[in-house]
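Below you'll find the structure, written out as structure tokens, and then a few comments.
Just so we're on the same page: letters track the sequence lines, and every chain starts at 1. Reckoned from all heavy atoms, side chains included, excluding hydrogens, waters and symmetry mates.
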Number of protein chains: 2
Amino acid sequence: MSGYLSEERHQIILETLEARGSVTVNEMVERFGVSEMTIRRDLDALERRGLLRRVHGGAVLDRGRSYEPPFVARSVENLAAKQQIARAAVALIENGDSIILDVGTTTLEIARQLVDKQNLTVITPCLQIATLLAENPNIRLILTGGIVRPTELSMVGHLAERALRDFYVDKLFLGAAGVDLEAGLTEYNLEDTLVKQVMIKNAKRVILVADSSKFGRIAFTAIAPINVINTLITDHSLDPDWVKRLEKLDIEVILCGATPNE
Amino acid sequence: MSGYLSEERHQIILETLEARGSVTVNEMVERFGVSEMTIRRDLDALERRGLLRRVHGGAVLDRGRSYEPPFVARSVENLAAKQQIARAAVALIENGDSIILDVGTTTLEIARQLVDKQNLTVITPCLQIATLLAENPNIRLILTGGIVRPTELSMVGHLAERALRDFYVDKLFLGAAGVDLEAGLTEYNLEDTLVKQVMIKNAKRVILVADSSKFGRIAFTAIAPINVINTLITDHSLDPDWVKRLEKLDIEVILCGATPNE
DNA sequence: GTTTGATTATGATAGTATTTTATAGAATTA
DNA sequence: TAATTCTATAAAATACTATCATAATCAAAC
């Protein structure tokens, strides 16, 4: 075999990036004598640790450009699924739309992929999303304000709720900790829940973004019954049974990832 | 095969623009060894992100709409003086205080130096300050919310003003673009001005932080007459004449930096 | 010692997506 | 008008994802 431990490859990839600012998959395939898949997996792993940014064909250093938020990049579970869900979500957004982006890692991915949209109004109670979108001149960014929850970097409380009541938006991209047919949408934290309830009230179309791990899970506080959702975007590992039952409730279901064989 | 990632091309195109003010499609075709279409797409993508302006045959830099240099550029000017002013400001803050930190590079420095304080409530309309303080568990952080101004990363508008009306704070650390005895405090931007006016109204003690370069300067919109200030913190290069006149108005003046010999 | 199973790392492949090129006709410039 | 540059579209090249198969590593259990 190649004779490199994956740790060594990671190290060398990072050094190359440091020196040149970017690497391509092919370069590294040659350099290490391993398959493309292996390099891709290396790059994905490094991206999850926040050490680089994947781009088509390779990866680049993720510094410079705008000032960087000092958040420690928390390793994201299911990053691939979340990115695909985000892509499907972005496809629903039209130029000129006004949207709400809820707090969450999936909605953060949506924000990342918003670069090409024109004339968007984005409202968010999430500090991280705000930092990401702040310098984009094509986006009119509105923060709800409120008390900042240290762990989530979400804004909650009276200010946030009141601010959201002021706006009617075309689309809400909502996250939830649990999705269950009986219990509906649930969240771990009461304050976030209250904010979500206002969002749902003031959106023309409610789009839930949730990877399949959230289904059947019941968290602590109830946000709303499941039928408030107009559209659900999730990954294809969702049980087909769920899909049927959701569609029976008149919820449009968008599955992404590898298309199931039919 | 060119061997360049599209990200790299974008980066290099921007650097070339930065250096020369313009690029042509043909130049870049030669530079990268790709087709014209590819370069055109690159330029279009960058234009959509607001980073350049397309013209027939190439692209040019798209600058010069704002009065003031963007936040990032400005934050380095007079850094030493600002840090000293910030240190003096932090000395005025007691554990348990509730304070407002206005938008500005000096107030940003104050935020940086807040690590050791206990049980503080900080209200701010500044996204950068928020990002900085968000993960500090000793600080209860409240964001005003509002529309985010892309250059300043400040929040303005109806939401911000209304939010500030809800809170009475012990101390306001205020910034201003211009300080003049006749014209009072002035700012370049009307929207920021309106927010500042609400802050001043709801603070028990108004503390102006402004390095000496701001004195005698008159910006575009009037915030308030100079006597709304209770305390002024500035650097020692301020003309002693100013100090006398300010003290005559019952404004406490704190000079910092190299202490003038006494 | 070796068998067994769990775990991890890697490679192969097929179908899907994305990016790039080529080309032809329209628009712009000089 | 001629030359250049642009847009749109389809075709080709390249890269990606998901999945499965294989191999290597390790730790009990026999």
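Every residue meeting the ring pair (Phe, Tyr, Trp, His ring centres under 6.0 Å) condition with Phe215(A), not counting sequence neighbours, appears here in chain and number order: Trp242(A).
For the helix from dG1(C)-dC30(D) to dA30(C)-dT1(D), the angle separating the two terminal helix axes comes to 40°, with each axis derived from five pairs and the value rounded to 10°.
Side-chain atoms of Arg54(A) lie closest to dC16(D) of the nucleotides dT5(D), dT7(D), dC16(D). Here the nucleotide nearest the side chain of His236(A), chosen from dA8(D), dT20(C), dA18(D), is dA18(D).
The local environment of CZ in Arg162(A) is crowded, with over 12 non-hydrogen atoms from other residues, nucleotides or ligands closer than 6.0 Å.
Between the side chains of Thr193(A) and Thr221(A), at least one donor-acceptor pair of N or O atoms lies under 3.5 Å. Side-chain contact, Thr105(A) with Lys82(A): a donor N or O sits under 3.5 Å from an acceptor N or O. With no hydrogens or angles considered, a side-chain donor-acceptor pair links Asp211(A) and Ser213(A) at under 3.5 Å.
Applying the 4.0 Å criterion to OP1 and OP2 of dT7(D), one finds that His56(B) has every side-chain N and O outside that range. Residue Asn26(B) places at least one side-chain N or O under 4.0 Å from the OP1 or OP2 atom of dT5(D). Residue Gln84(A) has a polar side-chain atom (N or O) positioned under 4.0 Å from OP1 or OP2 of dA18(D).
For the segment residues 38-47 of chain B, residues with any heavy atom less than 4.0 angstrom from an atom of DNA chain D are, sorted by number, Arg40(B).
In this structure, Tyr4(A) has its ring center under 6.0 Å from that of Phe32(A).
Taking atom CE of Met37(A) as the reference point, atom P of dA23(D) lies 18 Å away to the nearest angstrom.
Val55(A) comes within contact range of the sugar-phosphate backbone alone, with a heavy-atom separation under 4.0 Å but no base atom that close.
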